[in-house]
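Here is the structure we will look at, set down as structure tokens.
Since this is a predicted model, take the numbers as computed values, not measurements. Both ligands and their constituent atoms are indexed starting at 1 by order of listing.
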Amino acid sequence: MIEISEPAAMRAEAESLRAQGKRIGFVPTMGYLHEGHLALVRASMASCHATVASIFVNPTQFGPSEDFDRYPRDIDRDRRLLESEGVDILFAPTRDELYPPGFSTEVRVNGITENLCGGRRPNFLPGVTLIVSKLFHIVKPHAAFFGQKDYQQCATIQRMVRDLDFGIEVRMEPTVREPDGLAMSSRNKYLTSEERRNATGLVRALARANRAYLAGERSGTKLRTILTDALCEVPGLRIDYTEVVEGETLQTAETFQSPAVALVAAFLGETRLIDNHILGEPLPYEV
Ligand code: AMP
């Protein structure tokens with residue numbers, strides 16, 4: 001595995017791979033890797049000649065009172081994990097290389113970023129579309145791999161890539177879960193053991209809504225109430241939002257033309273967790 005920190009060197013390497021006719025797969029991350037990230041790496045390895053993974057804790061996507069400073073970091077462990085997966089290039093730029101003094105450009109997608117996490121964390125999606133645009137220009141991938149765990153993020157990137165003609169295939173890969181159903185996340189590390197036990201409340205709420213959907217419930221309002229009621233039963237959990245939206249438009253709906261997606265965000269102590277499920281697909285976790 002080659003490790004690169006300078007954007008110019010990464011760009012040169014990407015151009016050389018492209019000149020050799022190699023299909024480049026790209027997995028952008030903020031590090032502190034887990035099996036969810038590694039599943040994206042494996043999806044890239046399976047369908048591309050060369051895989052680039054990036055690690056960059058992107059300051060522009062955090063709000064002033066959010067966890068940028070304490071976001072978990074372990075580059076040595078990440079390096080070993082990526083190397084053992086057979087990743088070709090680790091791109092780990094510094095903040096100054098990506099955001100030099102005087103940086104003043106924004107990249108903003110409208111229409112699908114105002115609700116859900118975008119509504120609660122106003123810096124988040126503009127920060128993501130900015131950094132992902134920059135990384136796409138530097139890494140020059142043919143395909144990029146994102147997790148369904150961050151459904152709105154992935155949908156926003158797909159929209160940006162379409163609207164701005166990036167010419168990159170953006171793949172949404174399934175959420176990887178712990179054996180008890182909790183969606184893997186670098187932030188799970190923040191949870192106390194009691195919070196960790198209660199954190200399965202998110203997936204169990206989604207499973208309850210999914211069972212209702214499979215039993216024929218199609219009212220957005222009723223499905224959302226099922227999510228809210230299920231989360232209210234979880235000790236110590238504070239709901240941030242519960243939503244059931246159209247999978248394509250991400251708008252709240254009462255009945256659904258495209259797949260309905262149930263999404264939840266909740267705090268356990270100081271830790272904010274998110275999860276979602278495309279209703280009708282299997283999700284076998286006990287309520
Ligand atoms: P992050 O490092 O949290 O910015 O995540 C980097 C990428 O990994 C994003 O595309 C996430 O959606 C994806 N990801 C994070 N957690 C999971 C998970 N549990 N399953 C699948 N993908 C994930």
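- Geometrically, Arg204 does not engage Tyr285 in a cation-pi contact, judged by NZ or CZ lying under 6.0 Å from the ring centre and within 45° of the ring axis.
- A 6.0 Å sphere centred on CD of Glu194 holds no more than 12 heavy atoms belonging to other residues, nucleotides or ligands.
- In this structure, Leu98 and Asn58 have side chains that are not in contact, with every pair of non-hydrogen atoms separated by 4.5 Å or more.
- Glu106 CD: 12 or fewer foreign heavy atoms inside a 6.0 Å radius.
- Residue Gln251 places its CD atom among more than 12 non-hydrogen atoms of other residues, nucleotides or ligands, all under 6.0 Å distant.
- For Glu195 and Asn198, the side-chain atoms include no donor-acceptor pair closer than 3.5 Å.
- Ligand 1 lies under 4.0 Å from heavy atoms of Pro28, Thr29, Met30, His34, Gly36, His37, Leu40, Tyr71, Phe146, Gly147, Lys149, Asp150, Gln153, Pro174, Thr175, Val176, Met184.
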